[in-house]
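Throughout, a chain's letter reflects where its sequence line sits, starting with A, and its residues are numbered from 1.
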Amino acid sequence: MTTGRKLPRSFYLHDDVVELARALLGKVLVTELEGKRTAGIITETEAYAGINDSASHAYQGRRTARNEVMYAIGGTAYVYINYGLHHLFNVVTNREEIPHAILIRSIEPLEGLDVMLERRGKQTLSYTLTTGPGSAARALGITKELNGADLLGHLIWIEDRGISFSTRQIATSPRIGIDSCGKDRLKPYRFLVKDSPWVSRSPQKLGQKMRL
DNA sequence: TCAGCGATTAACT
DNA sequence: GTTAATCGCTGAA
């Protein structure tokens, strides 16, 4: 097993959340919960650019019990419940009081496949195991309990294992599921690994068989 | 106070 | 393609 280097605080303090969303592709997201370790390569992200981004929960400085964690220091986990049942995991970035966040939409499973299958209630491996933000979070065991968790702590963190992608290997698109979010709904803030089947809403994935 | 809806998914037809 | 699952915020009573 490759060992990685936990991303330092400085990684998360960068000003440009869109650039950071791109930089997270290829990094490895790890959880260690109840003695069970699971990990996967980040393959799809979306940037939410703070108080000027009409698709962000923090648009116009909105601040509620739910999104309070977005105002914490970069390197904090923001987990919220969507549609009443899905836990969505975001990485908070930038300094305190600047509510930037990056939604992790998909991962490619690396470690703890058996645990992920169990958490997802599945018998067999398929691309639906960890693609889509609700599925990725559930496979990693991420729930509201981790809201506010420190990404430099011991429950959940992100590692650099030397995987990176060139501009040519990365595709960009508008963000998913924010059609009614006003002026910024078409901004190209979604990033995904072009040739990876481990992403959501990929036309090339349809009908594709598992090949591992 | 409460209806309406969302950074979604899976199981239907 | 359609729908049910049903938390938390918003905006209208």
Side-chain angles (χ1 to χ4, degrees), chain A residues 17-18 20-22 24-25 29 40 42-72 74 76-94 98-109 116-148 156 171-192 197-203 205-208 210:
Chain A
V17 66
V18 177
L20 274 180
R22 180 194 291 268
L24 276 179
L25 296 180
L29 177 56
I42 296 171
T43 51
E44 181 179 356
T45 61
E46 283 179 3
Y48 285 86
I51 63 174
N52 295 315
D53 180 355
S54 63
S56 170
H57 288 167
Y59 185 43
Q60 295 178 325
R62 192 158 26 125
R63 193 159 184 160
T64 66
R66 178 176 73 159
N67 77 358
E68 177 61 32
V69 164
M70 295 182 82
Y71 292 83
T76 302
Y78 171 41
V79 183
Y80 74 95
I81 295 177
N82 182 246
Y83 289 95
L85 61 163
H86 303 295
H87 298 258
L88 270 55
F89 170 67
N90 299 250
V91 176
V92 174
T93 70
N94 215 318
I98 301 187
H100 288 177
I102 299 167
L103 172 67
I104 304 301
R105 290 190 57 89
S106 298
I107 62 167
E108 173 178 343
M116 292 192 191
L117 286 167
E118 186 186 339
R119 285 176 180 150
R120 296 277 286 114
K122 288 174 166 292
Q123 306 291 319
T124 56
L125 189 55
S126 78
Y127 293 126
T128 61
L129 181 68
T130 55
T131 62
S135 300
R138 189 165 168 206
L140 289 165
I142 296 170
T143 68
K144 257 190 71 170
E145 307 249 312
L146 287 180
N147 189 41
I156 180 167
T172 306
S173 89
R175 291 167 290 185
I176 303 292
I178 57 162
D179 293 348
S180 61
C181 283
K183 68 177 173 66
D184 296 315
R185 70 186 183 287
L186 297 178
K187 287 254 175 79
Y189 284 181
R190 175 177 179 236
F191 298 97
L192 38 79
W198 296 99
V199 296
S200 64
R201 312 274 181 109
S202 163
K205 197 171 70 174
L206 296 174
Q208 190 171 331
M210 289 294 300

Whole-Å gap separating P (B/dT9) and CG (A/Leu85): 10 Å

In whole Å, what separates the C1' atom of B/dA10 from that of C/dG8? 23 Å

Among residues 60-67 of chain A, which residues get a heavy atom nearer than 4.0 Å to DNA chain B? none

Tell me, do A/Ser106 and A/Trp198 make a side-chain contact under 4.5 Å, heavy atoms counted? no

Value in whole Å for how far the P atom of B/dT9 lies from CD1 of A/Ile176: 10 Å

If you count every heavy atom of other residues, nucleotides or ligands that lies below 6.0 Å from A/Glu118 atom CD, does the total exceed 12? no

Tell whether A/His86 reaches the base of B/dA7 with its side chain through a donor-acceptor pair below 3.5 angstrom. no

Atom C1', compared across B/dA7 and C/dG1: separation rounded to whole Å: 23 Å

Does C/dG8 have OP1 or OP2 under 4.0 Å away from a side-chain N or O of A/Lys144? yes

Separation of atom CG in A/Asp53 from atom C1' in B/dA7, rounded to whole Å: 11 Å

A/Tyr83 has an atom OH; how far is it from atom C1' of C/dC9, in whole Å? 14 Å

How many whole angstroms separate atom CD1 of A/Ile81 from atom C1' of C/dG8? 8 Å

Testing A/Lys187, A/Arg175, A/Arg105 for salt bridge (Lys or Arg N to Asp or Glu O under 4.0 Å) with A/Glu46, which one passes? A/Arg105

Considering all heavy atoms of both residues, which atom of A/Leu146 and which atom of A/Ile156 are nearest to each other, and what is their separation? CD1-CD1, 4.3 Å

Which heavy atom in A/Arg22 sits nearest to a heavy atom in A/Phe191, and how many Å separate them? NH2-CE2, 3.7 Å

Distance, rounded to the nearest Å, where A/Ile104 contributes CD1 and B/dT8 contributes C1': 17 Å

Separation of A/Glu44 atom CD from B/dA7 atom P, in whole Å? 15 Å

Quick check on B/dT9: is either OP1 or OP2 less than 4.0 Å from any side-chain nitrogen or oxygen of A/Arg120? no

Hey, does the side chain of A/Ser180 come within less than 4.0 Å of B/dG6's phosphate (OP1/OP2), counting only N and O? yes

Classify the side-chain pair A/Glu44/A/Ser200 by whether it contains a donor and acceptor separated by less than 3.5 Å. yes

What is the distance, to the nearest angstrom, from the CG atom on A/Asn82 to the P atom on B/dG4? 19 Å

Taking B/dC5 as the reference, what is the distance to C/dT3 when you measure between their P atoms (whole Å, please)? 15 Å

pair_partner(C/dC7), Watson-Crick or wobble, both distances < 3.5 Å, evaluates to B/dG6

Assess whether atom NZ of A/Lys144 is packed by more than 12 heavy atoms of other residues, nucleotides or ligands within 6.0 Å. no

Can you find a side chain N or O atom of A/Arg105 that sits less than 4.0 Å from OP1 or OP2 on B/dT8? yes

